[in-house]
Amino acid sequence: MAAAAPEWATKEPCLMGIDEAGRGPVLGPMVYGCMYCARSYNNTLATLKFADSKTLKEEQREELFESLKVNSCIGWEVDVICPKDLSAKMLKKSKVNLNEISHNSAMGLVRKVLDMGVLLAEVYIDTVGDPEKYRIKLAEKFPGIKFVVAKKADSLYPVVSGASIVAKVTRDRALRNWVFDETALNMHMKTGSGYPGDPDTKQWLEDHKHPVFGFPTLVRFSWGTCTPFFKDAVEVTWETDELDEDATNSGTAKRQVKLSSLGFTGFKRKTEEIESSGKGRCKFFQARKLELVRKF
C-alpha cells in the first residue's frame with residue numbers, strides 16, 4: 001500500500017520530474033527517481049541550485065539530496081531495479097529491452113504517486129527513445145496529465161534536476177553499501193566506474209568471473225561486455241522437455257540443448273498425458289520410478 005501524500009500535494013495541482021541513474025553501467029542497479037512539488041512552488045524550486053547530477057561532485061549531490069529530504073514542500077520516490085532483474089528480463093523468452101524496462105519504471109512511479117493521492121497535473125521526463133512516441137505512450141496511459149518529454153530534461157527543468165539527484169545518490173549509496181550474496185574469497189568493490197569501457201571495471205570482471213556460475217549478482221550478465229569473459233567457460237548440456245518434429249517422427253521424445261553461461265534456451269511443457277504416464281520423461285525421474293501426482 002502506498003504511503004499517504006503530503007497534505008499540500010492533495011490540495012493543489014502538482015508537477016513532477018523523473019530521471020534515471022545507472023542505465024549504461026554493467027554493474028549495479030538502475031535507479032529511477034522522481035521529485036514532485038506544488039505547481040506554485042516551481043519558481044522557488046528554481047532557486048535551490050538543483051542541476052543535472054552528472055555536472056555535480058558527489059559531495060554536492062549528497063548535500064542537495066539531504067536538503068530536499070528535509071524540505072517539507074518537496075516529495076520524492078525511487079524505483080531500484082537490481083542487476084539480476086535487468087538481465088532476467090532482457091534474456092527471458094519474451095525479451096523486455098532496456099527502453100521498455102525504463103518506460104515501465106517511469107510509469108510505475110507516476111502510478112505510485114497518483115495512488116498516494118497526489119494531484120499530479122504535469123510530469124517532466126528525460127526521454128528514453130523518441131521523445132514524441134514516449135510522450136504519446138504516457139499520455140494514453142495517464143489521460144488528464146500533461147507530459148513533457150525532452151532530451152537533457154535534467155538540465156532544462158529544475159524538477160527533473162532534483163529527480164536526477166534523487167536517482168544518482170540512491171544508486172551511489174546502493175553500490176557503496178552493496179553486500180555480496182556470494183561467499184567467494186577476495187571479493188571487493190574496487191570496480192572503477194562500472195562502465196564497460198573502464199579498464200578497472202574490465203579487470204574487476206576478469207577477477208570475479210567463475211567458469212560455471214558466471215558473475216556475482218552485482219553484474220548485469222546480459223550486457224555484451226560480459227560475453228568475452230566466458231570464451232573458455234564450462235559448457236552445460238541440459239535435457240529439455242521440448243518435443244521437436246524430427247524427434248517425434250523418429251519416435252525419440254528427447255533432445256539435448258546446450259546452455260552457455262550467458263544465455264538461456266526456452267522449453268515447452270509436455271502434454272498432460274506424457275507427464276502422467278512418465279513416457280519420455282527425464283531419466284532422473286525414470287530411474288527413481290517417480291511419478292507426477294496430481295491428487296492426494
Between E77 and R111, does any NZ, NE, NH1 or NH2 come within less than 4.0 Å of an OD or OE carboxylate oxygen?
no
Using a 6.0 Å cut-off, check whether atom NZ of K84 has over 12 heavy atoms from anything other than its own residue.
no
Answer yes or no: is there a side-chain heavy-atom contact under 4.5 Å between L68 and V166?
yes
Show the nearest heavy-atom pair for residues G24 and W223, with the distance to one decimal.
O-NE1, 3.1 Å
To the closest 0.5 Å, what do you measure between CG (L56) and CD (E62)?
11.5 Å
Output yes when E58 and R61 qualify as a salt bridge under the 4.0 Å nitrogen-oxygen rule, no when they do not.
no
Establish, from distance only, whether the side-chain atoms of Y124 and E122 form a donor-acceptor pair under 3.5 Å.
yes
Find the distance between CE (M187) and CG (D207) and round it off to the nearest 0.5 Å.
11.0 Å
Quick one, K168 with D172, criterion salt bridge (charged side-chain N to carboxylate O under 4.0 Å, His left out). Give me CA distance, side-chain angles, the key distance, then yes/no.
CA-CA 6 Å; K168 178 62 174 169; D172 286 347; 3.3 Å; yes
Would V31 and W178 show up in the same hydrophobic cluster when neighbours are defined by side-chain heavy atoms closer than 4.5 Å?
no
Heavy atoms, side chains only, cut-off 4.5 Å: are Y32 and V80 in contact?
no
Can you confirm whether I101 sits close enough to M90 that some side-chain heavy atom of one is under 4.5 Å from a side-chain heavy atom of the other?
yes
Under 3.5 Å, is there a donor on one side chain and an acceptor on the other for N71 and Y41?
yes
Should I125 and V160 be counted in the same cluster of Ile, Leu, Val, Met, Phe, Trp and Tyr side chains packed under 4.5 Å apart?
no
Compare every heavy atom of G17 with every heavy atom of A163, then report the nearest pair and how far apart it is.
CB-O, 3.3 Å
Which atom of L109 lies closest to which atom of V78, heavy atoms considered:
CD2-C, 3.9 Å
Rounded to the nearest 0.5 Å, the CD1 atom of I18 sits from the OG1 atom of T127 at a distance of 12.0 Å
Donor-acceptor check, side chain of D85 to backbone of I81, threshold 3.5 angstrom: yes or no?
no
Short side-chain to backbone donor-acceptor contact, E140 and K137, under 3.5 Å:
no
Side chains of V26 and F215, heavy atoms from C-beta outward: is any pair under 4.5 Å?
no
Straight-line distance of D198 CG to T191 OG1, nearest 0.5 Å
8.0 Å
Worked check of side chain to side chain contact (heavy atoms under 4.5 Å, CB included) between F65 and R173
CA-CA 12 Å; F65 184 55; R173 291 182 178 182; 3.5 Å; yes
Taking I74's backbone N and O only, do any of them form a donor-acceptor pair with W8's side chain (distance below 3.5 Å, no angle check)?
no
Residues L120 and L15: closest non-hydrogen pair is CD1-C, 4.4 Å
Might you work through the ring-ring contact (aromatic ring centres under 6.0 Å, His included) test for Y134 and H103, ending with a clear yes or no?
CA-CA 8 Å; Y134 191 9; H103 291 177; 3.9 Å; yes
Does any non-hydrogen side-chain atom of W76 lie less than 4.5 Å from one of C34?
no
Begin with the C-alpha distance, continue with both residues' side-chain angles, and end with the deciding distance and a verdict on side chain to side chain contact (heavy atoms under 4.5 Å, CB included) for S102 and M30.
CA-CA 9 Å; S102 299; M30 180 170 74; 3.7 Å; yes
Step through the shown structure and confirm whether more than 12 heavy atoms of other residues, nucleotides or ligands are within 6.0 Å of NZ on K69.
yes
NZ of K151: more than 12 outside heavy atoms within 6.0 angstrom?
no
Atom of F147, atom of L138 and distance for their closest heavy-atom approach:
CE1-O, 3.5 Å
NZ of K190 to OG1 of T201: how many Å apart, nearest 0.5 Å?
14.5 Å
Pairwise side-chain contact, M116 with Y36, heavy-atom cut-off 4.5 Å (strictly under):
yes
Rounded at 0.5 Å granularity, tell me how far CZ in R220 sits from OG1 in T225.
10.0 Å
Does a donor on one side chain and an acceptor on the other come within less than 3.5 Å for S105 and D79?
yes
Has E12 got more than 12 heavy atoms of other residues, nucleotides or ligands less than 6.0 Å from its CD?
yes
Around atom CG of D232, are there more than 12 heavy atoms of other residues, nucleotides or ligands at under 6.0 Å?
no
Is the number of heavy atoms from other residues, nucleotides or ligands under 6.0 Å of K54 NZ greater than 12?
yes
Smallest separation among heavy atoms of P158 and F50, with atom names
O-CB, 4.1 Å
State, with a plain yes or no, whether a side-chain heavy atom of V123 is found less than 4.5 Å away from one of V149.
no
Do E7 and K11 pass the salt bridge (charged side-chain N to carboxylate O under 4.0 Å, His left out) test, and can you show the C-alpha distance, the side-chain angles, and the key distance before you say yes or no?
CA-CA 7 Å; E7 187 176 354; K11 295 182 177 180; 2.6 Å; yes
Within-4.5 Å side-chain heavy-atom neighbours: P29 and L175
yes
With a 4.0 Å cut-off, would you call E20 and R23 a salt bridge?
no
